[in-house]
Amino acid sequence: MIDPKILRQSASEVARMLERRGFEFDADGYNKLESKRKSLQIKNEELKNQRNISSKNIGIAKSKNEDILSLMQIVEEVNKNIKVNEKQLNETLAKINSIELDLPNLLSEEVPDGVDEQDNLIVSTYGTPKKFDFKPLDHIEIGNRLDSLDFESAGRISGSRFAVMKGSLASLQRALIQFMLNTHIQEHEYEEVYAPLLVQANALIGTSQLPKFESDLFKIEGDKPLYLIPTAEVPLTNLVAGKVIDERALPLKYVAHTPCFRSEAGSYGKDTKGLIRQHQFEKVELVQIVKPEESKDALMSLTSHAEKILRELKLPYQVVSLCAGDIGFGAKITYDLEVWLPGQDAYREISSCSLFGDFQARRMQAKWKNSKTGKNEFLHTINGSGLAAGRALVAIIENYQDESGNVIVPDVLIPYMNGLKIIKSS
RNA sequence: GGAGAGCUGGCUGAGUGGUCGAAAGCGCUCCCCUGCUAAGGGAGUAUGGGUUAAUAGCCCAUCGAGGGUUCGAAUCCCUCGCUCUCCGCCA
């Protein structure tokens, strides 16, 4: 959520800044609602003040055995007015709140202009795509030859966009996850977290998947509906929801491996084949909760932690700064890591690292006590994949394939594969 | 799933309809006193919102959450959540 104070003071300026995203914000409409809110609220508080005074006087009069009838009549009248006024106030507040919840975050200045992924800015590249002296296969074909990737069974069991992995590829994914977790825990000092995969709407409002993007989520119906998490960002970030964190405990750094569930309703026709876009996938997620002045550095360090995994795996990648039109709803700035996939002859997103400023913290009411000001202030949140395991598996299969359709196990994963160095096709 | 107890400020804990945002203690901050890291004295010490130049006043709201009764609710009623104890069931 954007700071309501900023919205009140300069709605049209906010509208101009959101235009960069291609988002249209009706500043005039907002201002009208806002001035309505103001007058209603002032009136409401005046009326309540009257009632409080009169009620107090009734108590005093009663204790002195004085007549209270006339006072009672006054209050009765005031109460009628409160009822009418409060209804209007609440309606206005609800409208304002729903507008504010649907407003995307303000962008950092360094976010490049642009309307879609075409305009994203390549910040840096690491490694160079390997030249194969044979035509590299895509992971679907290799998986098929290894008899380890089975989309057909998954289709029969669950429908499209699900996968069954067997044998060595299933192990390889598990090895990847273990390797990533250990690296982040031991080298990057994140705390490992095991968290719920089913969450309430409130948590999703906190991290800003709701109310706007409900169609991307899988919902479990019930008297209290639950949602399958689309990313561990949701439970990890919500760890601080409603809390005031002691300054000395900051920064908080959490890592978790979870399955992620996305209905991806809006992306029919995109990546319909293979492991790239699934309803269910494994991901290792990094979250940092920090003081505002440290948040930019935290984004850089978190991004470097995700990069470390790609480097250790010796996978070529590029770092991309998402342009204004492509950046996510709640993010101020986002760096995507795109890994080279020989099977697609293209770089594809494998991690997305974002700084949210106080956007999520404000929704979650997550604060810290600033010892300098003595005030409780909103935290800043950062998250990123470190990495998406399913896509990392694809990258390894495709980058580490040999002419015979075998997959070489990257050095750093061999210990996690019980010493296995090569996954051989039969 | 069943039965019972509870949920008050940073903490402990009082408060069962009226000037209670809330006693007292602890902790913390500042000041005074004291020649020695002790003891004592005083003042202050929740959060959000509105108004405002103001982190000055004033006002509104908040005693797990949400409703209700009442002129008036921390106190009474209802619903929900959570914690603890006992029983059942279960990985």
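In what follows, chains are A, B, ... by sequence order, proteins preceding strands, each numbered from 1.
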(message) For A:H188 and A:Y190, take the angle between the two ring planes, folded into 0 to 90°, and tell me which bin it lands in: parallel under 30, tilted 30 to 60, perpendicular over 60.
(response) perpendicular

(message) Let's see if you get this right: which residues in residues 197-211 of chain A place a heavy atom under 4.0 Å from RNA chain B?
(response)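 Result for residues 197-211 of chain A: none.
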
(message) Is A:K38 close enough to B:rU51 that one of its side-chain N or O atoms is under 4.0 Å from OP1 or OP2 there?
(response) yes

(request) Check whether any side-chain N or O of A:N49 sits under 4.0 Å from OP1 or OP2 of B:rC59, and answer yes or no. (result) no

(message) At less than 3.5 Å, do the side-chain atoms of A:Q41 and the base atoms of B:rG49 form a donor-acceptor pair?
(response)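 In this structure, the two groups form no donor-acceptor pair.
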
(message) Which residues pass the side chain to side chain donor-acceptor pair (under 3.5 Å) test with A:Y30, not counting sequence neighbours?
(response)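 Partners of A:Y30 by the side chain to side chain donor-acceptor pair (under 3.5 Å) criterion, ordered by chain and then number, come out as A:E100.
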
(message) Which residue is it: A:N238, A:N383, A:T258, A:T207? I am looking for the one with a side chain to side chain donor-acceptor pair (under 3.5 Å) to A:E233.
(response) A:N383

Contacts under 3.5 Å, N or O only, protein and nucleotides 8-10 of chain B:
none

(message) Under a 4.0 Å threshold between the charged nitrogen and the carboxylate oxygen, would A:D271 count as salt-bridged to A:R348?
(response)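 Between A:D271 and A:R348 there is a salt bridge, with a charged N closer than 4.0 Å to a carboxylate O.
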
(message) As a check on the pairing definition, encode RNA chain B in dot-bracket form, counting Watson-Crick and G-U wobble pairs whose two distances are under 3.5 Å, and using | for partners outside this strand.
(response) ((((((((.[[[..)..(.....]]]((((((.......))))))((((((.....)))))).[[[[[..)....]]]]])))))))....

(message) According to side chain to side chain contact (heavy atoms under 4.5 Å, CB included), who are the partners of A:K424, at least two apart in sequence or on a separate chain?
(response) A:N406, A:I422

Using nucleotides 68-72 of chain B, report all nitrogen or oxygen pairs with the protein that are shorter than 3.5 Å.
{"unit_1": "B:rC71", "atom_1": "O3'", "unit_2": "A:N79", "atom_2": "ND2", "d": "3.2"}
{"unit_1": "B:rC71", "atom_1": "O2'", "unit_2": "A:S55", "atom_2": "OG", "d": "3.1"}
{"unit_1": "B:rG72", "atom_1": "O4'", "unit_2": "A:S55", "atom_2": "OG", "d": "3.2"}

(message) Is a donor from one side chain sitting under 3.5 angstrom from an acceptor on the other, for A:Q360 and A:T381?
(response) yes

(message) Looking only at side-chain N and O atoms, does A:E214 offer a donor or acceptor that is under 3.5 Å from a partner on A:Y227?
(response) yes

(request) Please report the closest heavy-atom contact between A:H139 and A:V394, naming both atoms and the distance. (result) ND1-CG1, 3.4 Å

(request) Tell me what A:K367 touches on the nucleic acid: a base, only sugar-phosphate, or nothing, going by heavy atoms under 4.0 Å. (result) sugar-phosphate

(request) For A:K48 and for A:K369, locate the closest nucleotide of RNA chain B by heavy-atom distance; then report the residue assigned to the nucleotide nearer the 5' terminus. (result)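 This one resolves to A:K369.
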
(request) Could you work out which one of B:rA61, B:rU52, B:rU19 sits closest to the side chain of A:I60? (result) B:rU19

